[in-house]
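Worksheet for the structure shown next.
In listed order, ligands and their atoms are each counted from 1. Quick note: numbers below take in every heavy atom, side chains included, and nothing from hydrogens, waters or symmetry partners.
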Amino acid sequence: MRLRSELRTARINIMRRASTAAIFAAILIYGSALCATTDFKPTIPNKNAPTGKAPDGMVWIPGGEFSMGAAVGGEGSHAMPMSSNDSQPVHRVYIDGFWMDATPVTNAQFEKFVAATGYITIAERTPTKEEFPTAPAENLVAGSVVFAPTDHEVPLNNHYQWWSYVKGANWRHPFGPQSDIKGKDNYPVVHIAYPDAQAYAKWAGKRLPTEAEFEFAARGGLSGKTYVWGDEFRPGGRWMTNTWQGKFPVKDEGEDGFAGIAPVKSFPPNGYGLYDMSGNVWEWCNDWYRPDYYAALADRGGVTRNPQGPDSPFDPAEPSEKKRVHRGGSFLCNDQFCSRYIVGTRGKGEVNTGTNHLGFRCVKSVSDTATK
Ligand SMILES: [Ca+2]
Ligand SMILES: [Cu+2]
């Protein structure tokens with residue numbers, strides 16, 4: 001066991017070594033994948049929908065059969081979601097219908113949960129000597145990982161330049177003790193680790209989405225599109241999601257209206273009436289992360305029904321870390337470094353690590369709704 005800050009540093013060191021090679025490998029892989037859009041077949045939504053009123057703040061996602069994964073290749077901002085080929089091959093999946101929160105969980109909603117339960121998030125807990133026997137005492141401080149812009153252009157091969165472990169950073173204090181969330185009731189809650197998200201979901205009588213549920217929902221009934229709304233990044237000149245403009249990681253020009261996080265519902269909903277399914281904040285999924293999971297499903301052939309993810313986590317870049325899937329990308333995503341606002345692309349994170357661009361939303365099965 002190591003301190004969360006050390007985990008972060010270890011991850012960064014490994015990614016620094018891997019990234020240059022990975023980018024060149026990605027160019028080769030994506031060069032041969034330019035025709036991958038042909039792998040997508042139409043989404044066949046289920047016809048039956050539950051009768052009665054939707055649970056508060058949730059929308060119905062019909063489920064059905066769809067093509068899951070990302071076809072990368074093309075031009076401009078969607079040409080290369082940098083060093084990621086874990087979203088291939090595109091494969092066929094069936095999922096049951098379900099209810100999904102229309103937005104990421106907000107500060108106000110999380111506050112209600114904390115007020116009702118007294119829950120203390122991972123970032124607020126002081127790491128103990130028992131958990132981290134080899135860590136020096138001065139490192140045993142509660143905190144979380146925060147993005148800080150650099151003051152000059154830097155090579156994009158070392159995340160450590162723009163991420164740091166900040167003492168006292170947590171959901172109430174996103175940038176550390178001097179910051180707060182006053183007036184930000186309607187912003188997505190951040191600095192949420194996987195157990196925090198799970199605890200909230202349980203309290204709310206909900207659960208976290210599977211990766212397949214998240215992607216089916218994000219696609220909004222479309223198939224094989226680059227973004228959750230279609231193929232054009234700015235249809236008719238309109239900004240559709242909160243991402244980064246300008247030189248990364250030096251200055252976010254905020255041309256989309258927001259330099260940094262945005263209140264939920266700041267951009268148009270997708271075809272299912274879901275907001276913020278790409279950009280703004282990353283969101284936890286329930287599945288363990290493995291880069292070869294899609295290949296394993298594709299090898300089996302046919303249509304995978306209600307996939308729950310692999311049985312155990314494995315990230316070759318950091319074999320000892322237990323990671324679950326992140327989806328959607330964030331306000332930091334951009335076409336220079338990481339374009340994970342492209343629908344179907346995947347993210348991942350060590351389960352106890354939160355950051356100031358990581359939140360979540362919940363879902364609910366029909367069977368759970370019936371008993372509530
Ligand atoms: Ca923005
Ligand atoms: Cu990104």
Is [X] salt-bridged to [Y], cutoff N-O under 4.0 Å?
X: Glu138; Y: Lys167; answer: no
X: Glu350; Y: Lys322; answer: no
X: Asp287; Y: Arg324; answer: no

Note to self: Before we go on, tell me: are the rings of His357 and Trp163 under 6.0 Å apart, centre to centre?
What the structure shows: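 Yes.
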Item checked: For the Ca ion (ligand 1), every protein N/O/S atom that sits closer than 3.0 Å, waters excluded ->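 The answer is Asn242 OD1, Thr243 O, Asp256 OD1, Asp256 OD2, Phe258 O.
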Next item on the list: Please identify each residue that fulfils side-chain contact (heavy atoms from CB on, under 4.5 Å) with Val146, with sequence neighbours left out.
Entry: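 Once residues adjacent in sequence are excluded, the partners of Val146 under the side-chain contact (heavy atoms from CB on, under 4.5 Å) criterion are Val166, Ala169, Phe175, His191, Asn356.
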Item checked: Stepwise ring-ring contact (aromatic ring centres under 6.0 Å, His included) test for Phe248 and Trp162 -> CA-CA 10 Å; Phe248 185 81; Trp162 56 85; 5.2 Å; yes
